[in-house]
Enquirer: 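Below you will find the structure I want to go over with you.
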Amino acid sequence: MATLTTQDGAEIFYKDWGPRDAQPIMFHHGWPLSADDWDAQMLFFLSHGFRVIAHDRRGHGRSSQISSGHDMDHYAADAAAVVAHLDLHNVVHVGHSTGGGEVARYVAQYGQPDGRVAKAVLMSAVPPLMVKTDSNPEGTPLSVFDGFRKALAENRSQFYLDVASGPFYGFNRPDAKVVEGMIYNWWRQGMMGSALAQYLGIKAFSETDQTEDLKTITVPTLVMQGDDDQVVPYKDAALLQDKLLKNSTLKVYPRFPHGMLTTHAETINNDILAFIKG
């Protein structure tokens, strides 16, 4: 397995496929998953001549189950460590859900200052802020995230089955075509990781205000989200991202769920490809 060790001792697993002289695309996965969630994208873009990279966030997947650093600052620093380790330049960074927050902080604090980023894609992403506050009245109540923590602590395995078979892929909709393999693969990825990292990660993805990150980003950014996202409400995410970013393209997909990178991979892949080439 390919790994690197960060300054604070986290061992980060990564995949690196394709020609070393090709333009790199780096994928940042959602909570509580792993780099495997990008299989459909990595194979697609590899077949189109790109170099594709994806890493397991600290405490997730095959990365070490370190007890500290489960916050957006460390997530971004770990992404920067992968980029530096592989000496990547002219990179397109694609982030889904929590990975979208990771991309926003990485690009704002590391990628742009280092001149390594070409473009960014925020997909069903958590910025600017998920939790409801006085300044974010349309956000999701804190009690919802407290419920996530309670369910994870009491029976993580069942909780992950419930999420994957319900709101994540929209399989709880009356006309949904349920795909069992997607449910089991989501559960498999979640159960590979550290319960502690995933528990603490709920605060990271829900309570990190990334308004300033978005305002700082100047590279071309594709914002994409389904209007039937039951996990990250698009009106408090994609629509606000588009307003805060300086150079964005917004695509809202009718009836697409949170996990649209898997349920609608063909559409998503081709739209990202067109954005990269545009």
Enquirer: Got a second to check how far Gln109's CD is from Met72's CE, nearest 0.5 Å?
Expert: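 Rounded to the nearest 0.5 Å, the CD-CE separation comes to 11.0 Å.
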Enquirer: Please say yes or no: joined through hydrophobic side-chain contacts below 4.5 Å, possibly via intermediate residues, are Leu200 and Met191 part of one cluster?
Expert: yes
Enquirer: Are the side chains of His60 and Ser34 in contact, using a 4.5 Å heavy-atom criterion?
Expert: no
Enquirer: List the steps and the verdict of side chain to side chain contact (heavy atoms under 4.5 Å, CB included) for Ile276 and Ile25.
Expert: CA-CA 10 Å; Ile276 293 173; Ile25 305 176; 3.6 Å; yes
Enquirer: How close do Gly139 and Lys132 get, counting heavy atoms only, and between which atoms?
Expert: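 That closest heavy-atom pairing would be O-CB, 3.4 Å.
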Enquirer: Short question: side chain of Arg20, backbone of Gly18 - any donor-acceptor pair under 3.5 Å?
Expert: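 Confirmed, Arg20 side chain pairs with Gly18 backbone.
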Enquirer: Looking at CE of Met260 and CD1 of Ile268, how far apart are the two atoms once the value is rounded to the nearest 0.5 Å?
Expert: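 That separation rounds to 4.0 Å.
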Enquirer: Can you find a heavy atom in the side chain of His85 that is under 4.5 Å from one in the side chain of Ile12?
Expert: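 With C-beta onward as the side chain, the pair stays apart.
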Enquirer: Indicate the ring-plane relationship of Phe44 and His48, choosing parallel, tilted or perpendicular according to the 30° and 60° boundaries.
Expert: tilted
Enquirer: Please confirm whether the backbone N or O of Gly59 pairs with a side-chain atom of Ser63, one donor and one acceptor, at under 3.5 Å?
Expert: no
Enquirer: Any sub-3.5 Å donor-acceptor pair from Asn136's side-chain atoms to Leu129's backbone N or O?
Expert: yes
Enquirer: Are the side chain of His96 and the backbone of His258 linked by a donor-acceptor contact shorter than 3.5 Å?
Expert: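 Pair found, side chain donor or acceptor close to backbone of His258.
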Enquirer: What distance do Leu33 atom CG and Trp186 atom CH2 have between them, rounded to the nearest 0.5 Å?
Expert: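 Rounded to the nearest 0.5 Å, the CG-CH2 separation comes to 5.5 Å.
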Enquirer: Provide the full list of ring pair (Phe, Tyr, Trp, His ring centres under 6.0 Å) pairs with a residue in residues 259-278, sequence neighbours left out, each pair given once.
Expert: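 Of all non-adjacent pairs touching residues 259-278, those that pass ring pair (Phe, Tyr, Trp, His ring centres under 6.0 Å) are Phe256-His264.
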Enquirer: Which pair of non-hydrogen atoms, one from Ala104 and one from Ile217, has the smallest distance, and what is that distance?
Expert: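 Taking every non-hydrogen atom into account, O-CD1, 3.7 Å.
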Enquirer: Please verify the inter-ring angle class for His28 with His55; under 30° counts as parallel, over 60° as perpendicular, anything in between as tilted.
Expert: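 If you compare the ring of His28 with that of His55, the planes turn out perpendicular.
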Enquirer: With a 4.5 Å limit on heavy-atom distance, are the side chains of Asn247 and Thr221 in contact?
Expert: no
Enquirer: Would you say the ring centroid of His93 lies under 6.0 angstrom from that of Phe27?
Expert: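 No, the ring of His93 stays outside the 6.0 Å limit from the ring of Phe27, centre to centre.
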Enquirer: Any side-chain to backbone donor/acceptor pair from Gln230 onto Gly166? Under 3.5 Å, distance only.
Expert: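 It does not hold such a pair.
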Enquirer: Test your reading of the model: is there a side-chain donor-acceptor pair from Ser97 to the backbone of Gly99, 3.5 Å cut-off?
Expert: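 No, the answer is negative, given that no donor and acceptor are paired below the 3.5 Å cut-off.
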Enquirer: Do other residues, nucleotides or ligands put more than 12 heavy atoms under 6.0 Å from Lys246 NZ?
Expert: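 Yes, NZ of Lys246 has more than 12 neighbouring heavy atoms, counting only those of other groups under 6.0 Å.
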Enquirer: Hey, quick one: are Leu244 and Tyr106 part of the same hydrophobic cluster, counting side-chain heavy atoms closer than 4.5 Å, chains of contacts allowed?
Expert: yes
Enquirer: Is the closest side-chain heavy-atom distance between Met123 and Ile272 below 4.5 Å?
Expert: yes
Enquirer: Kindly indicate, with the supporting measurements, whether the criterion side chain to side chain contact (heavy atoms under 4.5 Å, CB included) is fulfilled by Val252 and Tyr234.
Expert: CA-CA 8 Å; Val252 177; Tyr234 82 101; 4.1 Å; yes
Enquirer: Between Gln225 and Val232 (side chain of the first, backbone of the second, donor and acceptor by atom type, cut-off under 3.5 Å), is there such a pair?
Expert: yes
Enquirer: Are Val107 and Val91 linked, directly or through intermediate hydrophobic residues, by side-chain heavy-atom contacts shorter than 4.5 Å (ILVMFWY only)?
Expert: yes
Enquirer: Do the non-hydrogen side-chain atoms of Val219 and Gln112 ever get within less than 4.5 Å of each other?
Expert: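 Yes, side chains in contact.
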Enquirer: Nearest 0.5 Å, what's the OG-CG distance between Ser124 and Asp229?
Expert: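 Between atom OG of Ser124 and atom CG of Asp229 there are 5.0 Å.
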Enquirer: Give every residue pair that meets the salt bridge (charged side-chain N to carboxylate O under 4.0 Å, His left out) criterion with at least one member in residues 173-186, sequence neighbours excluded.
Expert: Arg173-Asp228, Asp175-Arg255
Enquirer: Under a 4.5 Å cut-off applied to non-hydrogen side-chain atoms, are Thr140 and Ser206 in contact?
Expert: no
Enquirer: Look only at the side chain of Thr6 and the backbone of Ala10, and say whether a donor-acceptor pair between them is shorter than 3.5 Å.
Expert: yes
Enquirer: Should we count NZ of Lys203 as having more than 12 external heavy atoms under 6.0 Å?
Expert: no
Enquirer: Could you walk me through whether Phe171 and Met182 pass the side chain to side chain contact (heavy atoms under 4.5 Å, CB included) check?
Expert: CA-CA 10 Å; Phe171 289 156; Met182 290 184 189; 3.9 Å; yes
Enquirer: When rounded to the nearest 0.5 angstrom, what distance separates CD1 in Ile202 from CD in Glu207?
Expert: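 So the CD1 of Ile202 and the CD of Glu207 are separated by 10.5 Å.
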Enquirer: When the ring planes of Trp31 and Phe159 are compared, do they come out parallel, tilted or perpendicular, using 30° and 60° as the limits?
Expert: tilted
Enquirer: Might you point out which heavy atoms bring Gln23 and Ala118 nearest each other, and give the distance in Å?
Expert: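 Looks like NE2-CB, 3.8 Å.
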Enquirer: Which heavy atom of Gln189 sits nearest a heavy atom of Asp37, and at what distance?
Expert: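 Looks like OE1-N, 3.1 Å.
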Enquirer: Given the rule in the side-chain hydrogen bond (donor to acceptor under 3.5 Å, both in side chains) test, do Glu266 and Asn270 qualify, once you have shown the distances and angles that lead to the verdict?
Expert: CA-CA 6 Å; Glu266 183 177 0; Asn270 280 294; 4.6 Å; no
Enquirer: Parallel, tilted or perpendicular: which fits the ring planes of Phe45 and Phe50, with parallel below 30° and perpendicular above 60°?
Expert: perpendicular
Enquirer: Taking salt bridge (charged side-chain N to carboxylate O under 4.0 Å, His left out) as the cut-off, I'd like each qualifying pair that reaches into residues 50-66, sequence neighbours left out, listed once.
Expert: Asp8-Arg58, Asp16-Arg51, Asp36-Arg62, Asp56-Arg62, Arg57-Glu102, Arg58-Asp78
Enquirer: Do any N or O atoms from the side chain of Ser64 and from the backbone of Glu11 form a donor-acceptor pair under 3.5 angstrom?
Expert: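 Side chain of Ser64 to backbone of Glu11: a pair is present.
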Enquirer: State, to 0.1 Å, how close His70 and Ala197 come at their nearest heavy-atom pair, and which atoms those are.
Expert: CE1-CB, 3.3 Å
Enquirer: Set out, in order, the CA-CA distance, both residues' side-chain angles and the distance that settles side-chain hydrogen bond (donor to acceptor under 3.5 Å, both in side chains) for Asp213 and Gln210, then state yes or no.
Expert: CA-CA 5 Å; Asp213 291 332; Gln210 298 193 256; 3.0 Å; yes
Enquirer: Please say yes or no: joined through hydrophobic side-chain contacts below 4.5 Å, possibly via intermediate residues, are Leu161 and Phe148 part of one cluster?
Expert: yes
Enquirer: Side chains of Val83 and Leu88, heavy atoms from C-beta outward: is any pair under 4.5 Å?
Expert: yes
Enquirer: Tell me whether Tyr184 is reachable from Trp38 by hopping between hydrophobic residues (I, L, V, M, F, W, Y) whose side-chain heavy atoms are closer than 4.5 Å.
Expert: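 No, it is not one cluster - the side chains of Trp38 and Tyr184 are not joined through contacts under 4.5 Å.
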Enquirer: Which one of Leu250, Leu222, Leu214, Val94 satisfies the side-chain contact (heavy atoms from CB on, under 4.5 Å) criterion with Leu122?
Expert: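 The residue from Leu250, Leu222, Leu214, Val94 that satisfies side-chain contact (heavy atoms from CB on, under 4.5 Å) with Leu122 turns out to be Leu214.
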Enquirer: In Å, rounded to the nearest 0.5 Å, how long is the span from NZ of Lys150 to OH of Tyr199?
Expert: 11.0 Å
Enquirer: If you measure from the Lys or Arg side-chain nitrogens to the Asp or Glu carboxylate oxygens, is any gap between Asp242 and Lys251 under 4.0 Å?
Expert: no
Enquirer: Under 3.5 Å, is there a donor-acceptor pair between the side chain of Gln41 and the main chain of Leu261?
Expert: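 Checked: pair present.
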Enquirer: Do you know the tightest heavy-atom contact between Ala164 and Tyr169?
Expert: O-CD1, 3.4 Å
Enquirer: Taking side chain as C-beta onward, heavy atoms only, is Arg116 less than 4.5 Å from Asn90?
Expert: no
Enquirer: Let's go through Asp71 and Arg105 carefully: what are the C-alpha distance in whole Å and the side-chain angles of both, what is the deciding distance for salt bridge (charged side-chain N to carboxylate O under 4.0 Å, His left out) to 0.1 Å, and is it a yes or a no?
Expert: CA-CA 11 Å; Asp71 54 70; Arg105 181 138 300 180; over 6 Å; no
